[in-house]
Amino acid sequence: MKMISISMASCLLLALTACGGGGGTQSQAAAGATPDSPRTATELMSCGLPLRVTSPPRRAVSMEQNATEIMLTLGLADRMVGTAYRTDPVLPELKRDYDRVSVLAAQYPGREALLAAKPDFVYSMRASAYAPDAGGVRGDLAKLGIPAYLSSNDCEDPKLVPASVTFEAIFSEIGDIAKIFGVQDRGESVVAGLRERLDAAKDAARSGLDKKLMWYYSGTKTPAIAGRGGLPDTISGFLGAGNAFSDLAQQWSEGSWEKIAERDPDVIVLADLTRGGDGDSAEAKMRFLRSDPVASQLTAVKNNRFVVVPGSAMDPSIRGVSVVEQVGKGLRDLYG
């Protein structure tokens, strides 16, 4: 999540075993570890830079949790020499495979640590992973013969970032990674399972509920909340509700409780983060909300209208469909 301070005067998963997406992680690895068929080099554009992979990578590094979980869901643990930046417990069905892969750093590995792993492919869903003081600029990695993929949701150049997050973009990214590693069949199976669940969640949603949701990520004095264009905004509309701060231009912004009180959202969706910072866990957020003189007067707080989701799931990832399911169920439980 990237936060930008502005005035507020105007803000998966994946139990694939249970939803037609395939077996557990052991069978995933068996199905996904071997390329589907011989092929020529994979060439595509990634956030404005050409990316060329001459053969399926064997020593890949995922730079943050959402990229890690996509790779593990595709059965690629045996092709990974490192992971980094885990913000939440890894999905239970992926934990056994996750534990087989070396953790290079608690946050982003520096360039030296990354190169020491001798990667032949690097993948991140966050541009900050490729900062000069992190893993290094993608162009520089390419000069060393290391292709580096970046999600279209967080390109280094903001002009290349789509105006809004879509599930189709998430599915397309899963397809890109599956193609790069030569496991297209597995990628298609994963996406088909996610599409099936998304359709079911939409059918179960109460159309026209039209409640105002506030997506609260972190912080107490200056809370980080979801604005326009991010995954929370997309999910709010998908469920027939509304994002109380969809007029804010940034996907994530810092605001004040006085301005939030003016909007008085009906429901607060809480990110449950395990990193231990100010207002990170859902429990810490609720304690603050109930004790703060301003926040405690919000309608949602007075009526205990909270829905809790994993913090990492508020960014585009393979967990996105599960957030639709969780928030949809939460709204039905709150409003009948």
| said: Could you walk me through whether Leu141 and Leu115 satisfy the side chain to side chain contact (heavy atoms under 4.5 Å, CB included) test, starting with their C-alpha distance in whole Å, then the side-chain angles of each, then the deciding distance to 0.1 Å, before giving a yes or no? | reply: CA-CA 9 Å; Leu141 292 173; Leu115 295 181; 4.2 Å; yes
Under a single-linkage definition using a 4.5 Å side-chain heavy-atom cutoff for Ile, Leu, Val, Met, Phe, Trp and Tyr, are [X] and [Y] assigned to the same hydrophobic cluster?
{"X": "Phe306", "Y": "Met214", "result": "yes"}
{"X": "Tyr130", "Y": "Met71", "result": "no"}
{"X": "Trp215", "Y": "Tyr335", "result": "yes"}
{"X": "Val294", "Y": "Val301", "result": "yes"}
{"X": "Ile174", "Y": "Val122", "result": "no"}

Side-chain ([X]) to main-chain ([Y]) donor-acceptor, under 3.5 angstrom:
{"X": "Asn243", "Y": "Gly227", "value": "yes"}
{"X": "Asp233", "Y": "Ser246", "value": "no"}
{"X": "Arg126", "Y": "Glu64", "value": "no"}
{"X": "Asp292", "Y": "Phe288", "value": "no"}
{"X": "Ser46", "Y": "Leu150", "value": "yes"}
{"X": "Lys211", "Y": "Pro265", "value": "no"}
{"X": "Ser151", "Y": "Asp154", "value": "no"}
{"X": "Arg59", "Y": "Lys118", "value": "yes"}
{"X": "Asp120", "Y": "Arg58", "value": "yes"}
{"X": "Ser102", "Y": "Leu104", "value": "no"}

| request: Please determine which of Leu72, Leu76, Thr83, Ile177 meets the side-chain contact (heavy atoms from CB on, under 4.5 Å) test together with Ser62. | output: Thr83
| request: Start with the C-alpha gap between Val81 and Val61, add the side-chain angles, then the distance that decides, and say whether side chain to side chain contact (heavy atoms under 4.5 Å, CB included) holds. | output: CA-CA 6 Å; Val81 294; Val61 170; 3.8 Å; yes
Which atom of [X] lies closest to which atom of [Y], heavy atoms considered:
{"X": "Arg305", "Y": "Asp266", "result": "CD-O, 3.2 Å"}
{"X": "Thr87", "Y": "Gln65", "result": "N-OE1, 2.9 Å"}
{"X": "Leu74", "Y": "Arg186", "result": "O-CG, 3.7 Å"}
{"X": "Ser152", "Y": "Cys47", "result": "CA-SG, 3.8 Å"}
{"X": "Leu334", "Y": "Asn304", "result": "CD2-O, 4.2 Å"}
{"X": "Met314", "Y": "Pro232", "result": "O-CD, 3.5 Å"}

| message | Let's go through Val53 and Leu51 carefully: what are the C-alpha distance in whole Å and the side-chain angles of both, what is the deciding distance for side chain to side chain contact (heavy atoms under 4.5 Å, CB included) to 0.1 Å, and is it a yes or a no? | response | CA-CA 7 Å; Val53 181; Leu51 184 146; 3.5 Å; yes
Side chains of [X] and [Y] in contact at under 4.5 Å (non-hydrogen atoms):
{"X": "Pro109", "Y": "Met63", "value": "yes"}
{"X": "Asp272", "Y": "Glu283", "value": "no"}
{"X": "Val90", "Y": "Glu69", "value": "yes"}
{"X": "Trp257", "Y": "Pro293", "value": "no"}
{"X": "Phe167", "Y": "Leu194", "value": "no"}
{"X": "Ser312", "Y": "Asn66", "value": "yes"}
{"X": "Arg263", "Y": "Asp247", "value": "yes"}
{"X": "Ile70", "Y": "Val190", "value": "no"}

| request: Could you tell me whether Arg195 and Glu168 have a side-chain N and a carboxylate O separated by less than 4.0 Å? | output: yes
Atom [atom1] in [X], atom [atom2] in [Y]: separation rounded to 0.5 Å?
{"X": "Glu43", "Y": "Lys179", "atom1": "CD", "atom2": "NZ", "value": "9.5 Å"}
{"X": "Lys329", "Y": "Leu239", "atom1": "NZ", "atom2": "CG", "value": "13.5 Å"}
{"X": "Phe171", "Y": "Thr166", "atom1": "CZ", "atom2": "OG1", "value": "9.0 Å"}
{"X": "Ile180", "Y": "Phe121", "atom1": "CD1", "atom2": "CZ", "value": "4.0 Å"}
{"X": "Arg228", "Y": "Gln250", "atom1": "CZ", "atom2": "CD", "value": "8.5 Å"}
{"X": "Arg86", "Y": "Asp88", "atom1": "CZ", "atom2": "CG", "value": "8.5 Å"}

| For Glu173 and Tyr123, does a side-chain donor sit closer than 3.5 Å to a side-chain acceptor? | yes
| query | Between the side chains of Ser128 and Tyr108, is a donor N or O closer than 3.5 angstrom to an acceptor N or O? | reply | yes
| query | Between Tyr216 and Leu289, does a side chain to side chain contact (heavy atoms under 4.5 Å, CB included) hold up when you go through it step by step? | reply | CA-CA 11 Å; Tyr216 177 12; Leu289 289 167; 4.2 Å; yes
